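Here is the structure we will look at.
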Amino acid sequence: MITVLFVAFAAILVVSSLLVILHRNPLTSALFLVLAFCSLAAIYLLLHAEFIGLVQVVVYAGAIMVLFLFVIMYLNLGHDVESGVTLALRRGLGWLLGAVLVAEGALLITGRLAPGPATPQALTAAAAAAPGNTQQVGLLLYSRYLFPFEITSIILLVAMIGAIVIARGLREPAPAEAPAGSAPVTAAAPEEAPGEDA
Amino acid sequence: MIAFFQDPTVQIAFWGLVKIVVILFVMLGIVAYLTFFERKIAGHIQSRPGPNLVGPWGLFQPFADILKLFLKEEFIPARANKILFHIAPILAVTPALTSFAVVPIGPNFIVTDVNVGLLVFLAMSSLGVYALALAGWSSNNKYALLGGLRSAAQMISYELALGLSTIGVILLAGSLSLVDIVHAQSGTLPFGPLALPRWFVFTQPVAFVIFLICAFAETNRAPFDLPEGESELVGGFHTEYSSMKWAMFFLGEYMNMLTISSITVTLFLGGWNGPWLPESLQFLWFFGKLFALIFLFMWVRWTFPRLRYDQLMAFGWKVLLPIALLNVLATGAAVYWVGNR
C-alpha cells in the first residue's frame, strides 16, 4: 500500500517538476511547482515526517509560491519570447549544468556515496526519547543544530532589512508633513519583506 | 470475503470512509442552511422578513436556490484561460473540506487524529489563496484580477498573525494534535470565588481576539471583504463566473467560515467540553459553540462597514503581527516560569 502511494506521488513529483521547466507559460510553470511541492509533502508524510511534510505545504506551497504567482500576475508575463544569442547562451549553460548535475547524481548512486537516513546514534538521547516527530525536530534544532539555526535566522533578518531598504530607496523621500501620502508607502514596505525569505 | 472485512487495515479504511461521507454530507447540509440563516439574520437586522415564501418559514429556500443555480446558463469569457477557469472553483471548496478531517467533533467522532492536526488546518487554509488568485487571473477581466490580487495579499498578510496566535495555545497544550488540545481544556480554572472552564479563551484572551480578527480576514468576510467590494470591483474575483461555478465560490466561502469557526471552537472554546451532557452527546456542545460563533460572523457582516484597503494592510502588519509576537513571547515566559517554579 505504502509502495503504491510512494510510486504514485513520486511519479506526480517527477512529471510536474519536468513540466515546471518545460512549460512555456510562466504561470502554469509556477502552478506545476506548487503541485511538485504538494507531492513532495505527501512523500514526507509517507516517511512519517509529518511536521516537515506539512511545513513544506504551509511555507513553500502556501506562502512563497503565492508570492511568485503575485509577481507573475503583476508583471503580466506572457510566453517566453526572448530569442537570439542571450537565449542560446542561457540554454547552453543550462544543458551543461544539467549534465554536470546528472553525472554527480549517477556518481553518488553508483558509488553509494549518498548519506543514508540518519542513524539512531545521530540523534541526541533527549530527542530520541521525545514522543512524536515535531518534538524530535524541535529538540534537535535547539540543541545539536542551534548554531546553524541562529545563523539562518540572522541571514533571513538581513535579507528582510535589505528588502525594506531597497523598496524605500526607489522612492523620493516623502516630505515630513504629509502623513496621508506616506501611509501607503510604509504599508507597502513590510509587504515585500517575506518575499525575500525565499 | 468475511476474512477480507475482518482485516484491521480494511476495517480502518472502511470506517474512515463512512466517517468522511457522513461529515461531508452533514457539512454540505449545514452550508446550504447557512445561506438561509445569513439571509434571515440580514433581514432581521435590516427590519425586513427575509426569505419566507418557499415552504414553512421559507425553510425550503436553499433547495430553490440550488435548483435555480443548476438551471442557469453557464458562461465562459472568450479570452479566459479555460483550464484554470475550471480548476479555481474546485480549489475554493476542497481545502476547506479537507481540514474537516482533523476537527474533533465529539470524544469519539473524528476522522483522523494526526499528531500535527493544527498544521493540517494551517496548510489547507494557506492553499485557499490559490482559488481566489487563479479565478481572478484566468477570467481575463481587470476587476476580477484586482479582486484576486487583493485577496491573495490579504490572506498572506493575515495568515502570519493567524499562525502566530495559535502558538500560545500550542505552548499551553504542549501538542499540535487537536484532540490533545481539546483534552487540555477539560476541567475548571479557579478564578477567585468563581470556577471558569479551563478554556484557552480565558488563558489566551489576546490570542483569541487576534485569531478571530484574522478569521474574518481569511474568510474574506465583512469588514474585510475587499476582494469582492461591490462598490469598486463589481463582484471581485468571481465577476465572470456564473451558474454552479459561481455557487462553488459561494459554497467555498461558507465552508471556510464553518471550518475556521470549528477550529476556533477547538482551540479556544474547549471543543466538545461542557457540563451536564453524557459523553456520547457532548458533540452537541461543539455544535452549540460552532453556531454561536457563526452567528457572530453574520452579525458582524451586517453591522460593520468595510475597511479601506491600506488600513487593512497596515492593521495586519503593524498591529496584529507585533501583538501576536508579543503574545508568543509572554506565553513562552509564563510557561517557563510556571514550569521552573
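Chain naming here is simple, since letters A, B, ... match the order of the sequence lines and numbering starts at 1 in each. All figures in this text were calculated on a predicted structure; none of them were measured in a lab.
- Using a 4.5 Å heavy-atom threshold, the side chains of B/Trp137 and A/Ile72 count as separate.
- Neither the backbone nor the side chain of B/Gln311 comes within less than 4.5 Å of any heavy atom of chain A.
- One finds the CG atom of B/Asn115 at 11.0 Å from the CZ atom of A/Phe51 (value rounded to the nearest 0.5 Å).
- Ranked by heavy-atom pairs under 4.5 Å with chain A, the first of B/Ser175, B/Ala133, B/Gly316 is B/Ala133.
- Looking at B/Leu119, both its backbone and its side chain come within 4.5 Å of chain A, counting heavy atoms on both sides.
- Of all heavy-atom pairs between B/Ser126 and A/Val57, the closest is OG-O, 4.2 Å.
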Inset, instruction - Evaluate the side-chain contact (heavy atoms from CB on, under 4.5 Å) criterion for residues A/Leu69 and B/Tyr130: first the C-alpha distance (whole Å), next the side-chain angles of each, then the deciding distance (0.1 Å), finally the verdict. - result: CA-CA 9 Å; A/Leu69 214 65; B/Tyr130 285 104; 3.7 Å; yes
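- Contact of A/Val34 with chain B is made through the side chain alone, with heavy-atom distances under 4.5 Å.
- The parts of B/Val120 that come within reach of chain A are both its backbone and its side chain, each placing non-hydrogen atoms under 4.5 angstrom from that chain.
- Between B/Val114 and A/Glu50 there is no side-chain heavy-atom pair separated by less than 4.5 Å.
- Of the listed residues B/Leu321, B/Leu149, B/Leu176, B/Ile83, the one with more heavy-atom pairs under 4.5 angstrom with chain A than any other is B/Leu149.
- A distance of 6.0 Å separates OG1 in A/Thr28 from CG in B/Leu84, rounded to the nearest 0.5 Å.
- Residues A/Leu31 and B/Leu134 meet the side-chain proximity criterion, which asks for heavy atoms closer than 4.5 Å.
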